[in-house]
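The next block holds one structure in the form of structure tokens; read it before the comments.
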Amino acid sequence: MQMVDLKGQYLNIKPEIDAAIQEVLDSSAFIGGPVVQRFAEHLSQYMGGCHVVTCANGTDALQLALMALDLQRGDEVIVPAFTYVASAEAISLLGLTPVMVDVDPRTFNMTAETMRKGLSPKTKAVIPVHLFGQSCDMEPILQLAREHNLYVVEDNAQAIGAEYTFSDGSVAKTGTMGTIGCTSFFPSKNLGCYGDGGALFTHDHQMAERLRMLANHGQREKYCHALIGCNSRLDALQAAVLDVKLRHLDEYNDARRSAAAYYNEHLQLIDGVSCPAEVCGKHVYHQYTLKVNNGRRDVLRSYLAEHGIPTMVYYPLPLHQQEAFRGIGRLAFELSVHDAASYCAASVLSLPMHTELTPDDQDLVVSAIRDFFNL
Ligand SMILES: *Cc1c(COP(=O)(O)O)cnc(C)c1O
């Protein structure tokens, strides 16, 4: 059993993928060109018509988003303390100050309440991360951001295809609610290519132009550089793979949701673990992440490994405990044995989750967990 099964997924769509790759080989347009453009158009349609700017990876997308905003050295940007490092890294690399806020242990995401504790007169932006495939509770976050004139950069790397339901019943795709949305096409992401890739989303035409320039050496036309930019491109082979997989994305996310429902059904009555809660709209389960109670996460993990069941800990250290961030930024919550970021880092366990997972695989996982708890 594997955490992810990229080979199995490829074999199921091999004719489509091989033909798409062959088309790029035949055209020899490896950087830019019609295949990249076509994918960007299809992705724009999928995301409800927003502008799409492709780039080299999800970390670049975050950096480009921050570069495109009107920010000065020392300005503060709010990020969740329990997340992947990329957002805080991009903030710090640009001379901005990351302000780490706590998360809701139920959803693993930052909330308007935890964000509020991070606000200061220097706050200029916030990066809600839709962790593990579930939207943050965006309505109050967007409201608070509006009240304080903050840019909202959504980190949608784990949640492409997820939806958020507003209190009036309207539904939005994650990545399209803020000033800019960022995503990653790293192979294991819900929409992944066969190398590195990323994209940015915005409803603002001028912002899209600015992002496009920044990703291409700041040039508006060839060899005329209006901005200091960088070189960050999605190549045509990756775009060709993505264009095929985008056609399957909803079906892939549905497969993840079914697998999650199956885990929930069989694990929710076990006292020793808490199943992930789905509370903010359509969760796309980039990860299926349990919380293991009573400090038994690591023993359960070893037990499952002995029984041939892979698991992962995303993420074992919150940002403020990372060596690189020692003395960097500001912590906007009280550290204690009870802060949610530290609690999540100490208790999370992600189970095998991918588009080819079968109920038979899942039965093995479930029965090993039941055995561990002597059920
Ligand atoms: C994967 C990921 C990124 C970075 O994407 P890369 O393409 O690997 O640079 C950023 N944020 C989150 C939450 C991620 O999961």
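Counting starts at 1 for both ligands and their atoms, in listed order.
Those atoms of ligand 1 with a heavy atom of Ala86 less than 4.0 angstrom away are 10 (C). The atoms of ligand 1 that sit less than 4.0 Å from any heavy atom of Ala157 are 2 (C), 3 (C), 10 (C), 11 (N), 12 (C), 14 (C), 15 (O). For ligand 1, the atoms sitting less than 4.0 Å from at least one non-hydrogen atom of Val129 are 13 (C), numbered in the order shown with element in parentheses.
Where the criterion is an N or O separation shorter than 3.5 Å, residue side chain and backbone included, Gln158 meets it with respect to ligand 1. At a 3.5 angstrom cut-off on N or O pairs, Thr83 does not count as close to ligand 1. For ligand 1, the polar-atom distance check finds no N/O of Tyr84 at less than 3.5 Å from any of the ligand's N/O atoms. Between Lys189 and ligand 1, an N or O atom pair is found at a separation short of 3.5 Å.
For the side chain to side chain donor-acceptor pair (under 3.5 Å) criterion with Asn190, the lone passing option out of Asn156, Thr183, Thr355, Asn253 is Asn253.
Ring pair His51/His205: centre-to-centre distance below 6.0 Å. Annotation: Tyr285 is not in aromatic contact with Phe132 [ring centroid separation under 6.0 Å not met]. If you look at Tyr46 and His42, their ring centroids are not closer than 6.0 Å.
In this structure, of Asn57, Ile127, Asp155, the residue bringing a heavy atom nearest to atom 12 (C) of ligand 1 is Asp155. Of all the listed residues (Cys193, Gly58, Ser87), Gly58 holds the heavy atom that lies closest to atom 6 (P) of ligand 1.
Using a 4.5 Å cut-off on side-chain heavy atoms (C-beta onward), Val348 and Phe108 make contact.
Under the 6.0 Å distance and 45° angle rule, Lys245 does not count as a cation-pi partner of Tyr194.
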From CA spacing to verdict: side chain to side chain donor-acceptor pair (under 3.5 Å), Ser135, Thr174: CA-CA 6 Å; Ser135 182; Thr174 55; 5.9 Å; no
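In this structure, atom 9 (O) of ligand 1 lies nearest to the protein heavy atom Thr59 OG1, 2.5 Å.
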